[in-house]
Every structure is written in structure tokens, then in C-alpha cells.
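Shown next, in C-alpha cells, is the structure this report addresses.
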Amino acid sequence: MGHASTALGSAERRRAGSVRRVPPLTCLPLTERPGRRLAQLLVGLVLYGLSMSVLVRAALGVNPWSMLYEGLQRHTSLSFGTLSALVGVLVLLAWIPLRQRPTLGTFANVLVLACASDLGLFLIPADRGLPGRLFLLAAGILLNGFAVAVYVGARLGPGPRDGLMTGVSALTGGSVRLVRTLLEVAVLAGGWLLGGTVGVGTLLYALLVGPVTQFFLPWCAYRSADGEPVRQD
């Protein structure tokens with residue numbers, strides 16, 4: 001009986017060890033494996049930009065942040081791009097109490113996403129039928145969550161919105177999945193109150209992108225050569 005209990009305890013420990021574990025997502029010095037991490041950052045940002053294009057072509061509802069910009073447009077004379085930049089600056093200000101600092105990854109986020117999104121819109125044809133649009137919606141959400149895990153996992157600094165996610169997660173101890181989902185739902189609600197258009201894609205994105213990101217993080221997050229404690233979400 002004692003041997004069986006020991007074996008059962010060992011099995012439970014192995015299962016616990018196999019649960020998704022993520023190292024700290026704090027920014028590491030660029031001098032630590034720069035080639036590997038810069039490549040991961042670039043790939044993640046390109047995939048993120050392409051995923052946003054896929055969601056636009058699905059035409060079933062934009063993501064919550066884009067819906068927020070759309071709602072703000074109804075109350076100002078500013079363009080969509082200008083509002084996106086202004087909101088990004090406001091989000092960066094919110095980093096201050098979270099002790100987050102802009103890094104290479106933050107600025108790369110702004111530049112690479114713009115180019116990758118335009119490329120995606122050029123390559124992906126519009127006006128697909130409903131089955132094609134549903135496929136694009138599912139693929140866009142999956143690719144978006146994976147891309148966030150890839151470029152945040154490079155630990156060269158997140159973009160403005162993802163820095164808010166990781167900062168709140170570190171401050172509260174909440175999982176990335178939970179924090180991301182709550183942020184997306186809050187932004188969705190704000191965009192809706194301002195008159196932004198809500199589609200099924202908007203709701204699905206808000207609810208699913210956090211769990212998708214959390215699922216891929218253990219495989220994408222860079223682990224320092226010095227060894228670091230992992231967090232279990």
C-alpha cells in the first residue's frame with residue numbers, strides 16, 4: 001500500500017511538472033543570444049501583422065482595439081491611424097505605475113506591424129464567401145495568439161498593449177490568459193459604448209486570444225541561460 005501511495009504521489013508530481021510552465025516575461029539584455037531572440041521577435045511581429053490582416057479580410061468583426069479606434073473616430077475628426085498612435089501613447093503612460101519601460105521590442109512593434117499588416121492586406125483577397133470568412137476568422141485568432149506568444153516570448157520588450165498585459169500580470173500575479181482576456185473585454189466594452197461595431201469575430205477574439213496566447217507561451221518563451229524560476233498558470 002505504501003509503495004502504491006509513493007508511486008501515485010510520483011505520478012501526481014510528474015503531472016504537475018508537465019503543467020504549462022512559463023519563465024518570467026521580463027525583458028532580458030540584448031547581449032544574451034541576440035541573433036536567436038531578434039529573429040524570434042521579427043517573426044512574431046510579422047505573424048502578428050499578418051494575423052490582423054487575416055481578421056480584417058474575414059469581415060466578421062475587428063479586434064477590440066480596432067473597434068475602440070472606430071468608436072473614437074465617431075467623436076473626433078482624427079484618422080484611424082492617428083487614434084491608434086495616440087492610444088498607444090496613453091497605454092505607454094499606463095506602464096509607469098507598472099514599472100515597465102519601452103525597449104527595442106516596443107518600437108519594433110510599431111514599425112513592423114504596420115508593414116506586415118499592409119503586406120497581408122495586399123496578399124489576401126477580399127470578398128470571400130461565408131465559409132472562407134469563417135475559416136479566416138478562426139485562423140486569424142489562432143495565428144494572432146501564437147504570434148503574441150512568439151514575440152513577447154523573445155523577451156526583448158513587448159509592444160504597448162502587450163506590455164500592459166505582462167505588467168498587470170506581474171503586478172497582480174494573475175495568469176497571462178486571465179489578464180489578457182479581461183483587458184480585451186474591457187477595451188471591447190469601451191469601444192461598444194463609443195459606438196464601435198461589434199461582430200462575432202470581435203467577441204470571439206476577446207474571449208479566445210488570451211487562452212491561445214497562454215497555450216503557446218511555454219513553448220515560445222525564451223529561458224535565460226542563468227536559469228530562472230518558472231510560473232505555473
Side-chain angles (χ1 to χ4, degrees), residues 21-52 63 65-66 68-69 81-119 143-180 182-184 187 209-210 212-214 216-231 233:
R21 291 178 177 270
V22 184
L25 296 176
T26 51
C27 185
L28 292 173
L30 181 59
T31 53
E32 183 169 337
R33 300 190 67 184
R36 188 264 200 202
R37 292 168 58 218
L38 283 171
Q40 180 173 336
L41 174 69
L42 180 61
V43 169
L45 290 176
V46 169
L47 290 178
Y48 188 93
L50 293 175
S51 73
M52 300 309 296
N63 70 74
W65 288 97
S66 295
L68 177 63
Y69 310 149
T82 300
L83 287 167
S84 173
L86 290 175
V87 171
V89 170
L90 291 175
V91 172
L92 283 176
L93 291 176
W95 283 26
I96 297 174
L98 298 174
R99 299 181 180 179
Q100 297 276 84
R101 295 180 180 178
T103 62
L104 172 65
T106 309
F107 300 111
N109 183 285
V110 177
L111 296 174
V112 178
L113 289 190
C115 297
S117 297
D118 286 343
L119 177 62
L143 181 61
N144 188 274
F146 173 68
V148 171
V150 171
Y151 82 75
V152 170
R155 299 178 66 181
L156 286 167
R161 296 152 191 83
D162 295 303
L164 184 63
M165 171 189 72
T166 56
V168 172
S169 177
L171 180 67
T172 64
S175 71
V176 172
R177 173 180 60 245
L178 175 62
V179 171
R180 179 71 184 228
L182 291 176
L183 286 174
E184 294 292 338
V187 171
V209 71
V212 172
T213 299
Q214 182 68 38
F216 285 114
L217 267 175
W219 291 274
C220 298
Y222 174 78
R223 287 164 170 78
S224 175
D226 295 334
E228 296 173 302
V230 294
R231 54 182 289 178
D233 293 327

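- Of all the heavy atoms in M52 and S117, the pair that sits closest is CB-OG, 4.3 Å.
- With a 4.5 Å cut-off on side-chain heavy atoms, V212 and N144 do not count as touching.
- Here the options are L90, L92, L93, the test is side-chain contact (heavy atoms from CB on, under 4.5 Å), and the partner is P160; only L92 passes.
- Residues W95 and P102 have side chains in contact (heavy-atom distance under 4.5 Å, counting atoms from C-beta outward).
- Checked options L45, L104, V152; the residue passing with N109 is L45 (criterion: side-chain contact (heavy atoms from CB on, under 4.5 Å)).
- Looking at R161, its side chain never comes within 3.5 Å of a backbone N or O of G159 through a donor-acceptor pair.
- Between T103 and L30 there is no side-chain heavy-atom pair separated by less than 4.5 Å.
- By the side chain to side chain donor-acceptor pair (under 3.5 Å) test, N63 pairs with S66, sequence neighbours left out.
- Pairing each heavy atom of M165 with each of V179, the nearest pair is O-CG1, 3.5 Å.
- Residues A116 and G49 share a closest heavy-atom pair of CB-CA, 3.8 Å.
- The side-chain contact (heavy atoms from CB on, under 4.5 Å) test applied to A149 returns T213, F216, L217, C220, not counting sequence neighbours.
- The side-chain contact (heavy atoms from CB on, under 4.5 Å) test with L156 is passed by exactly one of L28, T106, L38, L42: L38.
- Scanning for side chain to side chain donor-acceptor pair (under 3.5 Å) contacts around R37 gives an empty result, with sequence neighbours left out.
- For the pair A147 and G44, the tightest heavy-atom approach, listed with the atom from each and the gap, is CB-O, 3.5 Å.
- When every heavy atom of A108 is checked against every heavy atom of L41, the shortest pair comes out as CB-CD2, 4.2 Å.
- The shortest heavy-atom contact between R33 and Y222 is CD-OH, 3.2 Å.
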